[in-house]
Number of protein chains: 2
Amino acid sequence: MLSPLRIDAVPTTIDVLAIPGACPRFSRDEEIFGEGEAADYVYQVVTGAVRTYRILRDGRRQIDEFHFAGEYFGLEMGETHRITAEALTDASIRMIRRGALSDLASKRCDAARALFRLTAEGLQRSQDHVLMLGRRSAQERVVGLLLDIAERTNARAELDVPMGRQDMADYLGLTIETVSRTLTALQDEGLIALPTVRHIVLKDRKALERKVD
Amino acid sequence: MLSPLRIDAVPTTIDVLAIPGACPRFSRDEEIFGEGEAADYVYQVVTGAVRTYRILRDGRRQIDEFHFAGEYFGLEMGETHRITAEALTDASIRMIRRGALSDLASKRCDAARALFRLTAEGLQRSQDHVLMLGRRSAQERVVGLLLDIAERTNARAELDVPMGRQDMADYLGLTIETVSRTLTALQDEGLIALPTVRHIVLKDRKALERKVD
DNA sequence: CGACACTTTGAAGAGGTTCAACTGGTGTGG
DNA sequence: CCACACCAGTTGAACCTCTTCAAAGTGTCG
């Protein structure tokens, strides 16, 4: 029997959730939903990329997560969104009514498990993020992000980063200057190349991986 | 109909999960489960408190979460634990077989929802942690922790902190010295008192709350 | 009562931030 | 199609928060 707790045993296709829904386009920096709004939908990135973040009263911003093609976001526990989501690049986003999801989950056991899995994966990612912010140096954070982007966008050495330096900084808990300096340092070490600002080449992935363990 | 996605609508008693299970005692600093071990149980703090953490190769430790009476921990997505759990104080811990939970979840809809809710709450807490580590100062972090402990242990002004300074530091992404200095500073400001090292009095909660928003 | 572990305090140092200026890519309008 | 303007990114220098290393203090338990 397939335990709903052993979520990794679920077949990789989370697409049991792929209820056809509206799939609107958002242009770069356009808000998809805002903190405090009613959480009536769950979202999936179809093309493009998304950032989710929170802002403190005085303007400090912490990016919670970047979301790439195929990934889900905006699944909330309560009635309202606790975070804001914006298109990082021009993006098309599938919107799925929570009601439709609930119905599906109550009818199909695997759908319920897939939802649970989604949340648990988000938790794991968040825990990794905590470790990164709590105990890693600026360089380790930047390298970690680059490798993470590479993995999630299925890039080998040539990385197209969809976010600007400020986004990286606000994800990594650093300033834009530190991110910039760190990238140049990595370039000087010969580990990466920066042909353009949003195109990064991982020249020595082994060495990069050694830096983050 | 009660949507499995609107988890906050579930009656507050998560005790649908309270399958009677073994309830062993652990003494302070004793390991409850270790990273890499098979995750065959889910755990609930009955009395005492628990820390869960991960350690980097070079010894840097990041405490993921503290768990207080009534709270669940150790619910993993995969077959093995990704983190380590230790008793923060002498503690009695209820151990629930994952198999038993699965059975319950497949029979009772509310149990499945409660599990989902647990995970989603953990995610929320982790996201708050990320914001704390990414964008808050040492003082804000320490104050945040104190208020959090107060809330979760239902303490009014008199706080019994179950963890030492090193635990606070490793939760907050700081050093033990910084935690100590920050507490003294808060005492000097008249916001708290430190009668003993593990007993903290919140003398001006309003002012403390203003510091974290 | 004494030993040991934890905490506090001090002083020096480093990593990252802040503020400011410069550079370069991009996009738009003439 | 080129020129200019503008925004994002880079670089530099001073500063600051937090860390590191060291030592003294405090409480706890045998």
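Within every chain, numbering begins at 1; the chains are lettered A, B, ... in the order of the sequence lines, protein sequences first and strands thereafter.
- B:M163 places its CE atom 16 Å from the C1' atom of C:dC6, with the value rounded to the nearest Å.
- In terms of position on DNA chain C, the residue among A:P195 and A:R136 whose nearest nucleotide sits closer to the 5' end is A:R136.
- When rounded to the nearest whole Å, the span between CG of A:D58 and P of C:dT18 equals 11 Å.
- What separates NE2 of B:H199 from C1' of C:dT7 is a distance of 18 Å, to the nearest Å.
- Per the geometry, CG belonging to B:L172 stands 15 Å off C1' belonging to D:dT19, to the nearest Å.
- Across the protein-nucleic acid pair, A:L174 atom CG and D:dG9 atom C1' stand 16 Å apart, rounded to whole Å.
- Contact of A:R181 with D:dG12 (side chain to base): a donor-acceptor pair of N or O atoms is detected under 3.5 Å.
- Nearest to the side-chain atoms of B:T184 among the listed nucleotides D:dC18, D:dG12, C:dT9 stands C:dT9.
- In this structure, A:R165 contributes its side chain and A:V197 its backbone to a donor-acceptor pair below 3.5 Å.
- The closest side-chain heavy-atom distance from B:R60 to B:I55 is not below 4.5 Å.
- We find that CD1 of A:I200 is positioned 9 Å from P of D:dT10, with the value rounded to whole Å.
- In the interface, the side chain of A:E177 is paired with the base of C:dC19 through a donor and an acceptor atom under 3.5 Å apart.
- Atom CD1 in A:I176 sits about 14 Å away from atom C1' in C:dT23, given to the nearest Å.
- Between the side chain of B:R165 and the base of D:dT26, no donor-acceptor pair of N or O atoms lies under 3.5 Å.
- In summary, of the residues considered (A:R125, A:R54, A:R51), a salt bridge (charged side-chain N to carboxylate O under 4.0 Å, His left out) with A:E65 occurs for A:R125 alone.
- One interatomic measurement links the two molecules: CD of A:Q166 to P of C:dT18, which rounds to 11 Å at whole-angstrom precision.
- In this structure, the side chains of A:V130 and B:V130 come closer than 4.5 Å at one or more pairs of heavy atoms.
- Tested against A:F66 for a ring pair (Phe, Tyr, Trp, His ring centres under 6.0 Å), the candidates A:Y53, A:Y171, A:F73 yield a single pass: A:Y171.
- Residue A:V179 is the one, among A:V179 and A:R135, whose nearest nucleotide of DNA chain D lies closer to the 5' end (criterion: closest heavy atom).
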